[in-house]
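Heads up, the thing below is written out as C-alpha cells.
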Amino acid sequence: MLTPQQEELVAATAPVVAENLEAITARFYPLMFERYPEVKALFNAAHQASGGQPRALAGSVLRYVQLRGDREQAKASLSLVVGKHISLGIRPDQYPIVGECLMAAIGEVLGDAVTPEIAAAWQGVYEELAGLLIELEAEAYQEFASRPGGWQGARAFRVAETRDESAEIRSFVLAPEDGGQVADFRPGQFIGVKLTIDGEPVYRHYSLSAPPNGKTYRLSIKREPGGRVSQHFHAAMSEGARLELLPPSGDLTLETGAEPVMLISGGVGQTPMLSLAHEALAQGRQVTYLHAARDGSVHAFADEVAALEARYPQQFKAVTLYEAPRENDAPDHAGFVDRALLARYLPGPQTLCYIVGPQGFMSHVNAELAALDVPEAKRRFETFGPTQPLAA
C-alpha cells in the first residue's frame, strides 16, 4: 500500500508518465525480450512490429492509474487483460520480470526526472496492479479447474477432424488426449493454444467457433499471409497432430435479457458469432446476422448459417454482403456496410449489437450504429489482437 507521500508523488507525476507512456511501453518490450528471452514466445511478433501491443499495454496501465481509487472499477477495467493472460497461462512468478523491465523503461525514457522517491512510488503502483491481476487470474483459473472437464495449466489435445470452410478458413476439431470430458465455455469466448514450431514454443488464442458440447472444441483459423502460426495450422496440423490448450476466456459473451440480437461480422470475424447465434436462438431471442465478405469463395460457414435459418425461420434472419461478388455469387447485397443497410435490418435502437472483424470495419460499423441511436452499452466488440478502442 502506498504511503500518503507516495500517493502525492504519483498524482503529481501521472501527467508526465501518461504523456510518455507509449514511448515507455515501446521501450519496455525490447528491453524485456533482451533480458528474458524465454518470455518472447508469449507475444505475437506481428503485434510488436505494428505497435499494437505497446499501445494496448499503455492503455491498460493508464486506465488502471485513473481508476485505482475505486477497486471495483479498476477490476472491471482489467477484465480484458485478465482474459488474455488466462489464455496464455500467465503465472505469478512472471510479474516481477515485467515490473523490473517496466521500471527500467520508465527510467530510460524519463531520465533524471525519475528520482529514487518517484521510482519507489511507481514501483508501488505496479506492485498494486500486479497483485490485483494475480488475484483475479487465480480466481479465474480455480473457477475453470473446478468445472466438470476443467483443468489447470496446459492440457494436451489432438486434431480429431479438419474441414475447409472457405478458400482461407479451415476448422480444427480438437479432442483431449486423455479421452476425458472438456469443460463448457461461454459462447463468444476464445481459448489459448500452445504449439511447438521449429522447436520453439508459441502461444496464440483463437475464438471457439462451435457451441460447447463437452467432448471437443472447434477452432476456425484463417490462413494469414506471413502468419507464422496460422500458416503452420494449415500446412502441418492434420488429423492426429498434437497441441496444448489453456483455459478459455473472454468477455464477448451474450448478455442476459430478451432484447433482439444483431451479429455483424467481417471476414474471419464470423468465428465467435456462430456460438453466440446458437445461444441467443436457444433463449428464444430474435437474431439478425449480417456478414460481410470479399466474395463467395471466402464466405465461411454458409451451410451452418442456412441450417440455422431453416431451424429457426421465425427468429433468425441472415444477410450476406459481398464487396466484389463473382459471376456466380448471389449475396443479398453488394458493396460495403453503410448506415442505410444497417438501418434496414436493425430491429431497433435497443438491439444488442456484436461487431467483430478488421479494426477499420468495426470502427466504421460502430460509428454508424451510434448514428442510428444504438447506445454504447448495446454495442459490443472484440479485436483479434491487442485490445484498442474502436476510435483508434
Side-chain angles (χ1 to χ4, degrees), residues 26 29-30 33 40-56 84 87-88 159 162-174 190-209 218-239 241 243 264-274 291-302 320-327 329 331 334-337 355-365 381-388 390 392:
Y29 284 104
F33 297 156
K40 194 171 184 178
L42 295 167
F43 298 91
N44 188 322
H47 298 154
Q48 293 294 321
S50 70
Q53 190 75 56
R55 284 194 298 271
K84 296 293 176 69
S87 72
L88 293 169
V159 177
T162 66
R163 174 183 170 178
D164 287 333
E165 306 290 359
S166 75
E168 298 177 337
I169 297 173
R170 180 176 298 167
S171 286
F172 300 84
V173 177
L174 310 177
F190 52 81
I191 196 164
V193 174
K194 181 183 178 184
L195 294 168
T196 300
I197 302 177
D198 298 329
E200 298 178 354
V202 292
Y203 294 79
R204 292 293 186 271
H205 46 261
Y206 293 103
S207 295
L208 291 153
S209 63
R218 187 179 77 176
L219 311 180
S220 300
I221 299 172
K222 179 184 176 183
R223 185 177 60 249
E224 298 283 359
R228 183 185 185 197
V229 178
S230 69
Q231 293 282 353
H232 180 82
F233 261 100
H234 280 254
M237 298 300 287
S238 55
E239 291 185 17
L243 71 169
I264 308 165
S265 61
V268 76
Q270 285 181 280
T271 50
M273 300 300 201
L274 295 170
H291 177 63
R294 189 169 65 249
D295 58 44
S297 71
V298 293
H299 180 187
F301 308 113
T320 56
L321 174 77
Y322 293 168
E323 176 185 343
R326 302 168 304 168
E327 183 178 350
D329 286 341
F336 299 92
V337 177
I355 318 163
V356 185
Q359 183 76 15
F361 172 86
M362 293 194 298
S363 297
H364 171 71
V365 171
F381 72 96
E382 180 177 74
T383 54
F384 288 169
T387 301
Q388 54 183 310
L390 291 189

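Heavy atoms only: backbone and side chains are in, while hydrogens, waters and symmetry mates are out. Treat the numbers as computed from the prediction; the structure is a model and nothing was measured.
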Exercise. Using atom types as modelled and distance alone, determine if a side-chain donor or acceptor of Gln270 lies under 3.5 Å from a backbone N or O of Ala300.
Key: yes

Quiz item: What is the minimum heavy-atom distance between Thr271 and Ser207, and which atoms define it?
Solution: OG1-CB, 3.5 Å

Self-check item: Whether Gln231 side chain and Glu224 backbone form a donor-acceptor pair below 3.5 Å
Solution: yes

Quiz prompt | By side chain to side chain donor-acceptor pair (under 3.5 Å) - contacts of Ser87 (at least two apart) | solution = His205

Exercise. Might you point out which heavy atoms bring Met362 and Val356 nearest each other, and give the distance in Å?
Key: SD-CA, 3.7 Å

Exercise. Apply salt bridge (Lys or Arg N to Asp or Glu O under 4.0 Å) to Arg228 and list each qualifying residue two or more places apart in sequence or on a separate chain.
Key: Glu200

Practice problem: Check side chain to side chain donor-acceptor pair (under 3.5 Å) between Thr196 and all other residues, then give those that pass, not counting sequence neighbours. | Solution: none

Quiz item: To the nearest 0.5 Å, how far apart are CG in Leu174 and CG in Leu208?
Solution: 9.0 Å

Self-check item: Between OG on residue Ser230 and CZ on residue Arg170, distance to nearest 0.5 Å
Solution: 11.0 Å

Exercise. Flag the pair Met237 / His232 as yes when at least one side-chain heavy-atom distance between them is below 4.5 Å, and no otherwise.
Key: yes

Practice problem: Please list, chain by chain and in numerical order, all residues satisfying ring pair (Phe, Tyr, Trp, His ring centres under 6.0 Å) with Tyr206, sequence neighbours excluded. | Solution: Phe233

Quiz item: Hey, what do you get for CD1 (Ile264) to CE (Met273), rounding to the nearest 0.5 Å?
Solution: 7.5 Å

Self-check item: For Asp329, all residues meeting salt bridge (Lys or Arg N to Asp or Glu O under 4.0 Å), sequence neighbours excluded
Solution: Arg326

Self-check item: 4.5 Å side-chain heavy-atom contact, Glu382 and Phe190
Solution: yes

Quiz item: Which residues satisfy the ring pair (Phe, Tyr, Trp, His ring centres under 6.0 Å) test with His299, sequence neighbours excluded?
Solution: His291, Tyr322

Self-check item: Smallest separation among heavy atoms of Val365 and Val337, with atom names
Solution: CG2-CG1, 4.0 Å

Quiz prompt | Donor-acceptor pair, side chain of Arg163 and main chain of Ser171, under 3.5 angstrom | solution = no

Quiz prompt | Value rounded to 0.5 Å, distance of NE2 in His234 from OG1 in Thr162 | solution = 10.0 Å

Quiz item: Within the distance-only criterion (no hydrogens, no angle test), does the side chain of Ser166 pair as donor or acceptor with the backbone N or O of Glu168 below 3.5 angstrom?
Solution: yes

Quiz item: Looking only at heavy atoms, which two atoms of Gly266 and Phe361 are closest? And how far apart?
Solution: N-CE2, 3.5 Å

Practice problem: Look at the side chain of Arg223 and the backbone N and O of Ala167, then say whether any donor-acceptor pair between them is shorter than 3.5 Å. | Solution: yes

